[in-house]
Protein chains: 2
Amino acid sequence: MGTTQLETVPEPKYWHLKTVLSEALDSEFSVGEILPNERELAARFGVARATLRQALEQLELEGRLQRRRGVGTTVAPPRVGVAVGAEQHAWPGAGDTVWQPVDSTVEAPPAAVADALETGRNTLVHTVRRSRTTHGQPVAAELLYVPGQSVPDLPAIETPTGAARARAVLRELQHLELEGRESAVELGSARADDAKELDRLPGAPVLVVTTRFFAGRRVAAVSVATYRADTCRLTFGDTGGVEIHEGPERRAS
Amino acid sequence: MGTTQLETVPEPKYWHLKTVLSEALDSEFSVGEILPNERELAARFGVARATLRQALEQLELEGRLQRRRGVGTTVAPPRVGVAVGAEQHAWPGAGDTVWQPVDSTVEAPPAAVADALETGRNTLVHTVRRSRTTHGQPVAAELLYVPGQSVPDLPAIETPTGAARARAVLRELQHLELEGRESAVELGSARADDAKELDRLPGAPVLVVTTRFFAGRRVAAVSVATYRADTCRLTFGDTGGVEIHEGPERRAS
DNA sequence: GAGTGGTCTAGACCACGGG
DNA sequence: CCGTGGTCTAGACCACTCA
């Protein structure tokens, strides 16, 4: 008896490091500032570089830091709020300024999308690639899947090039009456193509927003949008597209 | 000349590993099955354990695997869709079956919440802790912040114990006419208390849903709900709370 | 070419769960 | 107790950016 053994929970080093760094970021650094490099930080805290990196990874995941190979680690600006699923009854691309059509093809969608579209697994559909930027930074890459039935007049006006074709598909889509939409958000990791468009490395954490558009009692289109999880806060609600809040918002510690 | 140098992109080992494992999961394993332990897997693939772990981490992030210390690595079931922000005009706790009141206190909210509430930084508010489970598994932990003005009759009926007090606050809230709500989703990492409630380690990836409830042209309450990012898919839309889809949904490879 | 973050190794020990 | 995943180390080399 006597060995009361308080504090039986030895906090992992990287967790403690993260806390210390987080407080230092709040008090001693300003947005955009470059931190000392990893080798020096590790030495300064008396830990192995791998351990320090574990702490940095967490802070990057939380949107506090931004790391770039060959450049360094900088203090990230607060996450930007991006409106998602506003304009409940507007088709994508209707007078859109935030999304830029990039390309368009005809191909067989991945199985999960085919299921959501309720078409057969091997049915060809139109695809439209779009990218979204805010404040000059890429924040999202989207792939929109449109079954041929949803744009019956398209083949007649077959346009050759990528972006123009994309716009044509979006234009045809406006002819349908949109009845509703359903969205889901989940965590994913960036595929190689998305990563490139988002200016991140493959495997970077992303928020995947899957939306089903309903028209004529059918699923008229499916969109899979990939948002940078480190820089974005997705906003929903009755705001009509207005961003909820701006400023130094931080989660409770 | 002659050294045409195709494939100048040496794919990282862990990335390739992830792909190989992912395909193996699809074809050779079924949900709940236990994988060989990390040391054996690493040996089998001829890589260091740390490298293998990097691949496993990614797969866990994508909800394909579940790892538990002292137990092993198992194949995760498909993510469960949880409805968020349905019933646009219902207060939290109105005949709720998915959320369980846990506790309630009076305290000063964190700065970010105080800002969202538009109360002063040091104003005391009621807090209500709730937890959400699906299929017997904990999926979310919520902290609801309610300024005293929103529940003016509460002090008179001061109830002592935690869960009962939580229910009392929620009941008082129903008296207000809810005008709308705004939600935002972002990636975070679980704090120690949330992690415990979610049966995860601290730092585990979570989807943080911040909701502002409006009544009487004011922000009447703010909710910060923390969902397990590995097991959850958050659904929004005109579904009235019905889950969007069930089944073997997988993102495009 | 110098300096950064990204990948990888081969070890060690620890915390936890279950028999 | 044993086996599991979680943490940590001290190195090495690679890929990228920029002057």
Side-chain angles (χ1 to χ4, degrees), chain A residues 5 7-19 21 33-61 64-76 189-190 192 195-196 199-205 230, chain B residues 5 7-19 21 33-61 64-76 189-190 192 195-196 199-205 230:
Chain A
Q5 184 91 3
E7 299 300 341
T8 20
V9 265
E11 203 172 43
K13 276 191 189 179
Y14 79 90
W15 186 261
H16 181 242
L17 248 185
K18 185 195 126 179
T19 309
L21 283 170
E33 208 172 335
I34 301 182
L35 268 64
N37 71 55
E38 298 184 351
R39 287 161 181 87
E40 178 174 338
L41 279 178
R44 191 179 298 184
F45 287 106
V47 299
R49 193 177 152 219
T51 304
L52 175 84
R53 278 180 61 80
Q54 210 171 341
L56 295 184
E57 251 147 51
Q58 284 247 353
L59 290 170
E60 192 178 26
L61 202 76
R64 309 285 314 268
L65 292 178
Q66 199 155 346
R67 298 192 287 175
R68 261 182 299 205
R69 170 150 55 178
V71 179
T73 301
T74 57
V75 181
S189 49
K196 199 168 187 180
D199 192 24
R200 300 254 59 197
L201 290 178
D230 55 344
Chain B
Q5 185 90 0
E7 300 301 340
T8 18
V9 263
E11 203 172 45
K13 276 191 188 177
Y14 79 91
W15 186 260
H16 181 243
L17 249 185
K18 184 194 127 179
T19 309
L21 283 169
E33 209 173 335
I34 302 182
L35 268 63
N37 71 54
E38 297 183 349
R39 288 159 181 88
E40 178 174 338
L41 279 177
R44 193 180 295 185
F45 286 106
V47 299
R49 192 177 152 218
T51 305
L52 174 83
R53 277 180 61 79
Q54 211 171 342
L56 294 185
E57 251 148 52
Q58 284 248 352
L59 289 170
E60 193 179 26
L61 203 77
R64 307 285 313 266
L65 292 179
Q66 200 155 346
R67 298 192 286 174
R68 261 187 289 226
R69 171 151 53 177
V71 179
T73 301
T74 57
V75 181
S189 48
K196 199 168 186 179
D199 192 24
R200 299 255 62 198
L201 290 178
D230 55 344

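In the text below, chain A, chain B and the rest are named by the order of the sequence lines, each starting its count at 1.
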Check the distance between [N]'s [atom2] and [X]'s [atom1] and give it to me in whole angstrom.
X	N	atom1	atom2	result
B/R39	C/dA12	CZ	P	11 Å
A/I34	C/dT4	CD1	P	10 Å
B/L59	D/dG5	CG	C1'	16 Å
B/L35	D/dG3	CG	C1'	16 Å
B/R200	D/dG5	CZ	C1'	11 Å
A/E38	D/dA15	CD	C1'	14 Å
A/Q66	D/dT17	CD	P	14 Å
B/D199	C/dG17	CG	C1'	12 Å

Establish, with yes or no, whether the OP1 or OP2 oxygen of [N] is under 4.0 angstrom from a side-chain nitrogen or oxygen of [X].
X	N	result
A/T73	C/dT4	no
B/N37	D/dG3	no
B/R67	D/dG6	yes

- [ ] Output the distance between atom CD (B/E60) and atom OG1 (B/T74), rounded to the nearest 0.5 Å.
- [x] 9.0 Å
Open item on the list: As an exercise, state the distance from OG1 of A/T51 to NE2 of A/H16, rounded to the nearest 0.5 Å.
Closed with: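 If I round to the nearest 0.5 Å, the distance is 14.0 Å.
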Task: Heavy-atom check, side chain of B/L52 versus side chain of B/R44, under 4.5 Å - done: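 B/L52 does not reach B/R44 side chain to side chain.
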- [ ] Would you check if A/D230 and A/R200 make a side-chain contact, meaning some heavy-atom pair closer than 4.5 Å?
- [x]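 A/D230 reaches A/R200 side chain to side chain.
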Set out, line by line, the N/O atom pairs under 3.5 Å between protein and nucleotides 7-10 of chain C.
unit_1 : atom_1 : unit_2 : atom_2 : d
C/dT7  : OP1    : B/Y14  : OH     : 2.9
C/dC8  : OP1    : B/K13  : N      : 2.2
C/dC8  : OP2    : B/Y14  : N      : 3.2
C/dT9  : OP1    : B/K13  : NZ     : 2.9
C/dT9  : OP2    : B/A48  : N      : 2.9
C/dT9  : OP2    : B/T51  : OG1    : 2.4

- [ ] I would like to know whether A/R53 and A/R67 meet side chain to side chain contact (heavy atoms under 4.5 Å, CB included); could you show each step before the answer?
- [x] CA-CA 11 Å; A/R53 278 180 61 80; A/R67 298 192 287 175; 3.5 Å; yes
- [ ] Using side-chain contact (heavy atoms from CB on, under 4.5 Å) as the criterion, point out the one residue from B/N37, B/L59, B/L41, B/L65 that pairs with B/T73.
- [x]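 The option that passes is B/L65.
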- [ ] Heavy atoms only: give me the nearest B/A76-B/Q66 pair and the separation to one decimal.
- [x] CB-OE1, 4.1 Å
